[in-house]
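Proteins come first, then strands; the chains are lettered A, B, ... in the order of their sequence lines, and each starts at number 1.
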Number of protein chains: 2
Amino acid sequence: MSVTHSSDSETLLTPSEVATLFRVDPKTVTRWAKSGKLSSIRTLGGHRRYRESEVRELLTGVPQQRADER
Amino acid sequence: MSVTHSSDSETLLTPSEVATLFRVDPKTVTRWAKSGKLSSIRTLGGHRRYRESEVRELLTGVPQQRADER
DNA sequence: TCTTAATGGGGTAATTCGGGGA
DNA sequence: TCTGTCCGAATTACCCCATTAA
């Protein structure tokens, strides 16, 4: 038995969820990702997922924390 | 922080656990396995289990290490 | 053995992808 | 320059019910 401080359990958001938060079209979010303004993780099928903490920070200007660091 | 019962060489994840990591439906993970994008191990009842190291690598793009190699 | 949640298979609706043009 | 929209194709989500896992 071992105890691990889990490395990365980051909540991810879908393109439409991010788009809703910014009141923007999902396609615009895709462009932000392609231009490097927003980092993204890809599903095995090629769809993008976005880090919630990064999105929140961009929305509020306040650095966010992950649940597993709290 | 997580507690792992390690004595095995490879930690296995359930479909729902993998789905949560990718922010995807469990059925989608099943499709990845069927199409060969993700390798899977079957329980004797036919349910799929996935290698954590493989999932982590696909998520981050960084090769992971097993606890018994560290 | 019993209960409950999760998974599998199949089918269909919704979302996202990429490119291109307004 | 930035965003919204149209298109076809691909991927993913949600619905059912039977079986398996815990």
Could you let me know what D:dT1 is paired to, Watson-Crick or G-U wobble, both distances under 3.5 Å, or none if it's on its own?
none

Taken in chain and number order and not counting sequence neighbours, the residues that satisfy side-chain contact (heavy atoms from CB on, under 4.5 Å) with A:Leu21 are A:Leu13, A:Val55, A:Arg56, A:Leu59

Rounded to the nearest angstrom, tell me the gap between atom [atom1] in [X] and atom [atom2] in [N].
| X | N | atom1 | atom2 | value |
| --- | --- | --- | --- | --- |
| A:Lys34 | D:dT3 | NZ | C1' | 14 Å |
| A:Glu17 | D:dT12 | CD | C1' | 13 Å |
| B:Tyr50 | C:dA6 | OH | P | 15 Å |
| B:Asp25 | C:dA6 | CG | P | 13 Å |
| B:His47 | C:dT7 | NE2 | C1' | 4 Å |

Side-chain-base donor-acceptor pair under 3.5 Å for B:Arg49 and D:dA21
no

Answer yes or no: does a side-chain N or O of [X] lie under 4.0 Å from OP1 or OP2 of [N]?
| X | N | value |
| --- | --- | --- |
| B:Thr28 | D:dA13 | yes |
| B:Arg31 | D:dT11 | no |
| A:Lys27 | C:dT15 | no |
| A:Thr30 | C:dT16 | no |
| A:Arg48 | C:dG18 | yes |
| A:Trp32 | D:dC2 | no |

Nearest non-hydrogen partners of B:Pro15 and B:Arg48, listed with the distance:
CD-O, 3.3 Å

Is there a side-chain contact between B:Val24 and A:His47 in this structure, where contact means two heavy atoms from C-beta onward sitting under 4.5 Å apart?
no

Linked, directly or transitively: [X] and [Y] (ILVMFWY side chains, under 4.5 Å):
| X | Y | answer |
| --- | --- | --- |
| A:Leu44 | B:Val18 | yes |
| A:Leu12 | A:Leu38 | no |
| B:Phe22 | A:Val29 | no |

State which residues pass side-chain hydrogen bond (donor to acceptor under 3.5 Å, both in side chains) with A:Thr14; sequence neighbours excluded, sorted by chain then number.
A:Ser16, A:Glu17

Pairs meeting criterion side-chain hydrogen bond (donor to acceptor under 3.5 Å, both in side chains) with involvement of residues 27-44 of chain A, two or more places apart:
A:Ser39-A:Glu54

Spacing of CD belonging to B:Glu52 relative to CD belonging to B:Glu57, to within rounding of 0.5 Å
12.5 Å

Using a heavy-atom distance cut-off of less than 4.0 Å, which residues of residues 37-46 of chain A contact DNA chain C?
A:Arg42, A:Gly46

Between the two ends of the helix from C:dT3-D:dA22 to C:dG19-D:dC6, what is the bend in degrees, rounded to 10 degrees, where each end axis spans five pairs?
60°

